[in-house]
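In what follows, a structure is listed as structure tokens, so that the remarks can point back to it.
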Amino acid sequence: MGLLGKLVKFLLGPCLKPTTTGGDSESLGPYGVSAATVGVSAFAHDLFNFEITSQVPEGLSQHVLSSKKAQANWYRKLVEAWRKAQPPPRTAEEAARLVIQTLNRQRKADVEGLLAFYGLPLPPTPVQVPAEVPTSLPQGVQFEFQTLPVDAKAVADGDGLTVYVSTADPTESSRVPSEVLMAAVRRAKARAKKNYTRANELHKKIIDAGYRVLNIQNEEILARKCRIRLRGIDAPENAMPYGQEAKQELVRLLEGKCLRVLVYGEDQFHRTVADLHCNGIFVQEELLKKGAAWHYAAYDQRPEFARWEKEARRRRVGLWASSNPEKPWEWRKQRR
């Protein structure tokens with residue numbers, strides 16, 4: 001047994017069992033590994049088995065485009081990379097990094113297919129998210145995330161929109177359902193073979209699960225869909241006076257830009273209630289100062305929100321150009 005075999009045996013103990021050998025195939029999960037040997041353990045199993053048998057895992061060809069001969073070349077390189085790693089990978093992120101660095105000259109679809117086979121995080125997206133000065137999270141914020149560029153068509157009204165979050169983000173990659181990852185890999189393979197009917201069927205499955213494959217900067221990115229409700233403001237509904245203007249103001253602020261989203265929770269419609277920041281601009285502040293929304297004091301008592309609304313009223317900008325604008329919450333109540 002070589003150094004790698006000893007290392008893997010140390011990591012995995014007596015449960016070591018290569019995924020390439022016989023056994024009950026029905027007990028295998030979607031990536032060809034059982035629930036007990038997912039991720040790093042399964043990857044180590046197969047590297048150990050390749051060192052002994054020179055056989056790549058069964059089922060890998062369903063997830064990648066290259067031949068078994070090419071796959072064998074990958075595993076030879078991966079065995080050597082694992083042997084040299086000090087210490088060896090112990091987390092999914094570390095294992096994914098080893099794969100990406102070792103196979104950096106291979107096709108993107110092959111690398112992503114191999115990662116998906118083991119349920120490892122996908123490689124980082126090339127989309128550049130504007131850097132912001134790190135700050136402590138405001139009181140009540142549960143967590144934050146960054147979005148991909150916003151599509152104008154995804155802005156529903158003056159205080160709501162749909163965003164997409166790249167699954168390459170480490171906080172997202174571990175949450176992607178296995179069936180979505182598998183569908184994304186198979187879709188890439190179908191498109192490579194110009195089987196667009198099959199690719200569209202698989203994309204529908206991905207969309208139905210709350211995800212979508214987006215083409216950004218000539219790169220296909222698997223992303224999670226997230227509906228956002230801006231916290232602390234209430235813009236006129238689309239059918240109300242100034243409703244369309246409020247919506248267009250939000251489009252103007254966000255179109256084509258990546259957002260920093262500070263999450264407070266969910267509302268009764270399962271939308272993420274959040275503060276939005278864009279290129280150093282606090283979006284709610286901008287909307288209130290331009291008279292594109294009311295301060296929704298029933299749900300948010302931040303004094304600066306009341307101050308920004310008061311300033312817009314005084315200047316009679318936006319919806320405040322009307323002498324008696326109707327409150328959107330009262331408009332909705334009358335129509336229930």
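Numbering starts at 1 and runs along the sequence shown. What's counted below: heavy atoms across the whole structure, side chains too, no hydrogens, waters or symmetry copies.
For the atom pair CD of Gln146 and NE2 of His277, the computed distance is 10.5 Å after rounding to the nearest 0.5 Å. To the nearest 0.5 Å, the span separating CZ on Arg212 from CD1 on Ile206 amounts to 10.0 Å. How far CG of Leu120 is from CG of Leu115: 5.5 Å, rounded to the nearest 0.5 Å. Rounded to the nearest 0.5 angstrom, Leu114 CG and His63 NE2 are separated by 10.5 Å. Going from atom CG of Leu202 over to atom NZ of Lys204 covers 11.5 Å, rounded to the nearest 0.5 Å. Rounding to the nearest 0.5 angstrom, the gap separating the CG atom in Leu287 from the CG atom in Leu319 is 11.0 Å.
Between the side chains of Gln284 and Asp275, at least one donor N or O lies within less than 3.5 Å of an accepting N or O. Remark: the Arg224 side chain and the Tyr164 side chain contain no N/O donor-acceptor pair separated by less than 3.5 Å. Judged by distance alone, the side chains of Tyr299 and Asp234 never bring a donor and an acceptor atom under 3.5 Å apart.
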Quiz item: Hey, mind stepping through Lys289 and Glu311 against salt bridge (Lys or Arg N to Asp or Glu O under 4.0 Å) and telling me if it holds?
Solution: CA-CA 7 Å; Lys289 285 182 174 180; Glu311 177 186 331; 5.0 Å; no

Self-check item: Test log, rule side-chain contact (heavy atoms from CB on, under 4.5 Å), inputs Phe143 and Leu262
Solution: CA-CA 6 Å; Phe143 60 93; Leu262 305 184; over 6 Å; no

Practice problem: Apply the test salt bridge (Lys or Arg N to Asp or Glu O under 4.0 Å) to residues Glu304 and Arg307: give CA-CA distance (whole Å), side-chain angles for both, the deciding distance (0.1 Å), then the verdict. | Solution: CA-CA 5 Å; Glu304 62 270 28; Arg307 186 172 68 252; 5.4 Å; no

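Under a hydrophobic clustering in which Ile, Leu, Val, Met, Phe, Trp and Tyr are joined whenever their side-chain heavy atoms come within less than 4.5 Å, directly or via other members, Phe269 and Val163 fall into different clusters. Trp294 and Met240 fall into different hydrophobic clusters, defined by Ile, Leu, Val, Met, Phe, Trp and Tyr side-chain heavy atoms under 4.5 Å apart, directly or through other members. If you chain together hydrophobic residues whose side chains sit under 4.5 Å apart, Val111 and Tyr75 fall into the same group.
With sequence neighbours excluded, the residues satisfying side chain to side chain contact (heavy atoms under 4.5 Å, CB included) with Val273 are Arg231, Asp267. Not a single ring-ring contact (aromatic ring centres under 6.0 Å, His included) links Tyr196 to another residue, sequence neighbours left out. Judged as a side chain to side chain contact (heavy atoms under 4.5 Å, CB included), and not counting sequence neighbours, the contacts of Leu65 are Arg107, Ala109, Asp110, Lys189, Ala192. Scanning for side chain to side chain contact (heavy atoms under 4.5 Å, CB included) contacts around Glu201 gives Thr197, Arg198, with sequence neighbours left out. Annotation: ring-ring contact (aromatic ring centres under 6.0 Å, His included) contacts of Phe305 (sequence neighbours excluded): Phe282, His295, Trp308. With sequence neighbours left out, Trp331 forms a ring-ring contact (aromatic ring centres under 6.0 Å, His included) with no residue at all. Among residues two or more places apart in sequence or in another chain, the side chain to side chain donor-acceptor pair (under 3.5 Å) test is passed with Asn73 by Arg76. Residues satisfying the side chain to side chain contact (heavy atoms under 4.5 Å, CB included) criterion with Gln71, sequence neighbours excluded, are Val56, Leu60, Ser61, Val64, Lys68, Trp74. Residues passing the side chain to side chain donor-acceptor pair (under 3.5 Å) test with Arg227: none are found, sequence neighbours excluded. Take Phe145 and apply the ring-ring contact (aromatic ring centres under 6.0 Å, His included) test, not counting sequence neighbours, and it matches no residue.
Minimum interatomic distance between Lys205 and Ala183 (heavy atoms only, all atoms of both residues): CD-CB, 4.3 Å. Taking each heavy atom of Ala223 and Leu214 in turn, the nearest pair found is CB-CD1, 4.1 Å. When every heavy atom of Ala235 is checked against every heavy atom of Ala246, the shortest pair comes out as CB-CB, 4.3 Å. Nearest heavy-atom pair, Gly256 versus Pro149, reported as atom, atom and distance to 0.1 Å: O-CB, 3.6 Å. For the pair Pro241 and Pro236, the tightest heavy-atom approach, listed with the atom from each and the gap, is O-CB, 3.7 Å. Of all the heavy atoms in Ile233 and Gly158, the pair that sits closest is CD1-O, 4.5 Å.
By the 4.0 Å N-to-carboxylate-O rule, Glu172 lies close enough to Arg175 to be salt-bridged with it. For the pair Asp300 and Arg302, the salt-bridge criterion is met [side-chain N within less than 4.0 Å of a carboxylate O]. Using a 4.0 Å cut-off between a side-chain N of Lys or Arg and a carboxylate O of Asp or Glu, Arg229 and Glu266 do not qualify as a salt bridge. A salt bridge links Glu309 with Arg313; the closest basic N to acidic carboxylate O contact falls under 4.0 Å. For the pair Arg260 and Glu144, the salt-bridge criterion is met [side-chain N within less than 4.0 Å of a carboxylate O]. In this structure, Arg271 does not pair ionically with Asp159, as no charged nitrogen and carboxylate oxygen lie closer than 4.0 Å. The existence of a salt bridge linking Lys108 and Glu112 is confirmed by a sub-4.0 Å separation between a basic side-chain nitrogen and an acidic carboxylate oxygen. Salt bridge status for Glu220 with Arg187: present, with a side-chain N to carboxylate O gap under 4.0 Å.
Residue pairs meeting the side-chain hydrogen bond (donor to acceptor under 3.5 Å, both in side chains) criterion with at least one member in residues 315-326, sequence neighbours excluded, do not occur. Pairs engaging residues 238-249 under the side-chain hydrogen bond (donor to acceptor under 3.5 Å, both in side chains) rule: Glu249-Arg252 [sequence neighbours left out].
A donor-acceptor contact shorter than 3.5 Å is absent between the side chain of Glu219 and the backbone of Asn215.
The local environment of CD in Gln139 is sparse, with at most 12 non-hydrogen atoms from other residues, nucleotides or ligands closer than 6.0 Å. More than 12 heavy atoms of other residues, nucleotides or ligands sit less than 6.0 Å from atom CZ of Arg335.
For the pair Leu148/Val165, no side-chain contact is recorded, criterion being any heavy-atom separation below 4.5 Å from C-beta on. Counting only heavy atoms from C-beta outward, the side chains of Phe50 and Leu78 never approach each other to under 4.5 Å. For the pair Asp157 and Glu237, the minimum side-chain heavy-atom distance is below 4.5 Å. For the pair Leu161 and Leu276, the minimum side-chain heavy-atom distance is below 4.5 Å. Side-chain atoms of Ile221 and Val213, non-hydrogen and from C-beta on, never get closer than 4.5 Å to each other. Between Met182 and Val185, the closest side-chain pair of non-hydrogen atoms is not below 4.5 Å. By the 4.5 Å heavy-atom criterion applied to side chains, Leu253 and Cys278 are not counted as neighbours. Within the 4.5 Å cutoff, no side-chain heavy atoms of Asp151 are placed close to those of Thr162.
Note on ring orientation: taking the six-membered ring where Trp is involved, the planes of Tyr296 and Trp329 are parallel (angle under 30°, cut-offs 30° and 60°).
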